[in-house]
Asker: 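Can you keep this structure in mind? I'll have questions shortly.
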There are 4 protein chains.
Amino acid sequence: MGAASEEPTAVDGKRRQRAAATKEQLLVAAREVFEERGYQAATVGAITKLANTAHGTFYLYFKNKEDVFGEIITEVVRELYERSLGPFVSLPPEGGVNRTPDAIRALLTVFAEHRGLWRALLEAVLQSATIEQRWLDLRRTFTDRIMIRLGELEAAGTARPLDAEVVAHALVAMVEWFAFAGCVFEEPDPATIGIDRSTAVLADIWTRAISL
Amino acid sequence: MGAASEEPTAVDGKRRQRAAATKEQLLVAAREVFEERGYQAATVGAITKLANTAHGTFYLYFKNKEDVFGEIITEVVRELYERSLGPFVSLPPEGGVNRTPDAIRALLTVFAEHRGLWRALLEAVLQSATIEQRWLDLRRTFTDRIMIRLGELEAAGTARPLDAEVVAHALVAMVEWFAFAGCVFEEPDPATIGIDRSTAVLADIWTRAISL
Amino acid sequence: MGAASEEPTAVDGKRRQRAAATKEQLLVAAREVFEERGYQAATVGAITKLANTAHGTFYLYFKNKEDVFGEIITEVVRELYERSLGPFVSLPPEGGVNRTPDAIRALLTVFAEHRGLWRALLEAVLQSATIEQRWLDLRRTFTDRIMIRLGELEAAGTARPLDAEVVAHALVAMVEWFAFAGCVFEEPDPATIGIDRSTAVLADIWTRAISL
Amino acid sequence: MGAASEEPTAVDGKRRQRAAATKEQLLVAAREVFEERGYQAATVGAITKLANTAHGTFYLYFKNKEDVFGEIITEVVRELYERSLGPFVSLPPEGGVNRTPDAIRALLTVFAEHRGLWRALLEAVLQSATIEQRWLDLRRTFTDRIMIRLGELEAAGTARPLDAEVVAHALVAMVEWFAFAGCVFEEPDPATIGIDRSTAVLADIWTRAISL
DNA sequence: CATGAATGAGACTTCATTCAT
DNA sequence: AATGAATGAAGTCTCATTCAT
């Protein structure tokens, strides 16, 4: 109506910043709440309280609990990918050195760094179809990439002929669930086993599974 | 001691039967409800409704939702054990034939027969400390037994020297999560893959993991 | 119909005995439960359990919780009357010795012997109109008798002219609530005060209240 | 620290007012419900219905039934203290005029003004340990103050040597229970007796109990 | 007489979500 | 952009009482 709406720059910039900051606060708080309480026990109230925000503010930035969790988990899985599988698959298949242990160690490390969050993830996946879908999509990044890799290795003569799809799923299942079980159920207790033994065994099985 | 002890037979027997029948109805209904809705979405109301019972009757036989679920899951895990691992570990370690595929196929079969229930189990384990404990105890039956088996095989010279504890957990993780993922997330879709390929791959990896 | 119903003696006698025994068991059990849990928290289930009786049996002898409690309380109040006020009022008013301390000590003693029950009584009176009525009727026995006594004393010239009705209620209120407060709230703590000091003070106030 | 701290005045004031008004509504409604139904029969549902509030709103302001009741009762007991004992004990002990009758009349008046509430209080005290504690604490204000007073009077030579602790409790018991019995059980019926006779008798006994 | 399985009403409490300011 | 008061649905569990054997 007035001239106000025509010059958005100055004020708008500040607003946008403030908004981003608020969202960030909420995100950080949410992460902490999910880590501590898990998915289903986490409440919007707890998040806004920790974020020093009004309850209603939450709904300015997220549709609901599902929604925040989706953002958080996307972020974490991205980290997981970038630190474990990513570096691994970017190498040429013929590489003389076996990088599997590195990838597995990295994965176990990332899991260990966010214990509570993985439990929450498991819960959330089972509680919300939306999150389940999102997670399965992210997860497929891993299995698909590994499937491709297995094909490459096979073609390069480094691996024996395999039922790539099933093998990929089986190996991912092994590593993933071993990691989950460790940080969610402490079974086997990671503190007792130590990352070295775990890495060694998992990488060994992995390698034997595909090698000639 | 009371006046009751005189004619316990006739009436008492009938009563006991009726009571057992009611409990069975509730158990069956509960199982169905858990299969359809999962753990957390299942309500006592839904169970009693399906069982054609008054709401209060439920509490005559179970302390709460946790409690029924505990009974159901114990039963299912027992079945799982008896049909898959049980027959396997009762054979002598030197047996010329590899029984691993049989055990794995049996396990995948039992999982497939109770799809919804496994999802509920996963949920319940994450939601209730009591059930988590119960499940971990039951699960330990498997890992422990396999650990022992690995020792036997090693001693018999059929397997190479292994970090039995970690290997057992890794292999169990692989098979278990492969099975879970199949029936909970249809990832990979069991219908597409087929039990034969799954069995073949899992048994193969398992065997290679331990053989000389 | 047959001849059976015509000779009720032998069998009937046994039945009656057994019935009486059962009722007694329930009564004893009820008393214990009320003492331990109070009125409202006491359940028929707890009573029958303690009485080693079927749940339904309770309803053969009592209409409901109110009903048993009525019987119990009548009994206790009778005891209270017989041991405290009764002996007191049966003496001639001119009696040279002041019997008030004896009556009060007796009353405090009876209260102390049934602690839990008095709390239950208070609860019950507030919870059930029937019991309230019953209790008020029993209680009136006390106040009425004292009112009469005050009249006698006045006539005998032992007491000054008094508003007998109100004085009786005031004195009863004092002793009664002092006793209740002691065993229900431990305020003042009977163990600390001791029955002698309590008796002395109450009897003293009582005596001064009516003496010339 | 959040973004909230900029314009706290205008909107905030209105909101606070509205909130206070809602709480007040609930408090008033609760009081009415407790007066009519007593403590245990009162339900949160009845309170919110009378307050024209959603059920959940109640829990925005009170933790539960116990909690509201605590607030109400604190308020009423404060009133009781300020109108009866307070003015009384603030006078110098030597005061030529006996103020006991005024204090007692005031107390009986306050009791009469909140009949239902006192019944509820009695119930609540017996039903909830928290309220019992709260009430005993408030009540101790009375007995302690009177104990001190008795000491002062004794020192001033206005009262005879006494077992102050027990006497205080006995006199408080008398007045308190007389008042309770009147408004809870109508025994004796206050309408019949009238406040003047009650006051006269209670004050008379009180005075005689302590005077030389 | 005694039994004990079955009933079902009812109160409590939590929280995601909305919306007026 | 932020606030925070208000909403109301939903599920849990207990127990007095009945009634068919």
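Naming: A, B, ... by sequence-line order, numbering from 1 per chain.
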Asker: Kindly express the pairing pattern of DNA chain F in dot-bracket notation, using | wherever a base pairs with another strand and counting only Watson-Crick or G-U pairs under 3.5 Å.
Answerer: .||||||||||||||||||||

Asker: Is there a salt bridge (Lys or Arg N to Asp or Glu O under 4.0 Å) between E36(B) and R119(B)? Walk through the geometry before answering.
Answerer: CA-CA 10 Å; E36(B) 272 172 20; R119(B) 171 176 211 119; over 6 Å; no

Asker: Side chain of Y61(C) only, heavy atoms from C-beta on: which candidate in dC1(E), dA5(E), dT7(F) is closest?
Answerer: dC1(E)

Asker: For Q25(A) and dA2(F), what is the distance between atoms CD and C1' respectively, to the nearest whole Å?
Answerer: 12 Å

Asker: Can you check the L26(A) CG to dA2(F) C1' distance for me, whole Å?
Answerer: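 About 11 Å, once rounded to whole Å.
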
Asker: For V184(A) and L126(B): C-alpha separation, side-chain torsions, deciding distance, then whether side chain to side chain contact (heavy atoms under 4.5 Å, CB included) applies.
Answerer: CA-CA 9 Å; V184(A) 176; L126(B) 295 166; 3.9 Å; yes

Asker: When you compare dT21(F) with dC1(E), how far apart are their P atoms, in angstrom units rounded to a whole number?
Answerer: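 Rounded to whole Å, the distance is 23 Å.
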
Asker: Specify the separation, in whole Å, of atom CZ of R37(C) and atom P of dC15(F).
Answerer: 8 Å

Asker: Please report, rounded to the nearest Å, how far the P atom of dG11(F) is from the CD atom of Q40(A).
Answerer: 13 Å

Asker: So does T22(D) get a side-chain nitrogen or oxygen closer than 4.0 Å to the phosphate oxygens (OP1/OP2) of dA6(F)?
Answerer: yes

Asker: To the nearest Å, give me how far apart NZ (K23(C)) and P (dA2(E)) are.
Answerer: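 Rounded to the whole Å, the gap is 12 Å.
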
Asker: Between R134(C) and E71(C), does any NZ, NE, NH1 or NH2 come within less than 4.0 Å of an OD or OE carboxylate oxygen?
Answerer: no

Asker: Could you go over nucleotides 17-21 of chain E and give all protein N or O partners under 3.5 Å, atom names and distances?
Answerer:
none

Asker: Base, sugar-phosphate, or nothing for A42(A), non-hydrogen atoms under 4.0 angstrom?
Answerer: sugar-phosphate

Asker: Checking ring pair (Phe, Tyr, Trp, His ring centres under 6.0 Å) against Y39(D), which of W135(D), F34(D), W118(D) comes through?
Answerer: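 That would be F34(D).
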
Asker: In whole Å, I'd like the distance from the CD1 atom of I47(C) to the C1' atom of dA16(F).
Answerer: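 Spelled out: CD1 on I47(C) to C1' on dA16(F) is 11 Å.
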
Asker: Apply side chain to side chain contact (heavy atoms under 4.5 Å, CB included) to D67(C) and Y61(C), showing your working.
Answerer: CA-CA 9 Å; D67(C) 193 21; Y61(C) 296 100; over 6 Å; no

Asker: My understanding is that only residues two or more places apart in sequence, or in another chain, count here; which of them pass side chain to side chain contact (heavy atoms under 4.5 Å, CB included) with L50(C)?
Answerer: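 Here the qualifying residues are A29(C), E32(C), V33(C).
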
Asker: K49(A) has an atom NZ; how far is it from atom P of dC15(E), in whole Å?
Answerer: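 Atom-to-atom, K49(A) to dC15(E), this comes out as 12 Å.
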
Asker: Quickly work out the F62(C) CZ to dA16(F) P distance and round it to whole Å.
Answerer: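 After rounding, the reported distance stands at 15 Å.
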
Asker: S128(A) and side chain to side chain donor-acceptor pair (under 3.5 Å): which partner among Q40(A), K65(A), E66(A), Q133(A)?
Answerer: E66(A)

Asker: Considering heavy-atom distances to DNA chain F, does A19(D) or T57(B) have its closest nucleotide positioned more toward the 5' end?
Answerer: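 The residue closer to the strand's 5' end, by nearest nucleotide, is A19(D).
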
Asker: Is there a side chain to side chain contact (heavy atoms under 4.5 Å, CB included) between V28(D) and E24(D)? Walk through the geometry before answering.
Answerer: CA-CA 6 Å; V28(D) 169; E24(D) 188 57 27; 3.7 Å; yes

Asker: Taking for each residue the nucleotide of DNA chain E with the nearest heavy atom, is it A54(C) or L60(D) whose nucleotide lies nearer the 5' end?
Answerer: A54(C)

Asker: With a 3.5 Å distance limit and no angle check, can you tell me whether T57(D) reaches the backbone of T53(D) through a side-chain donor-acceptor pair?
Answerer: no

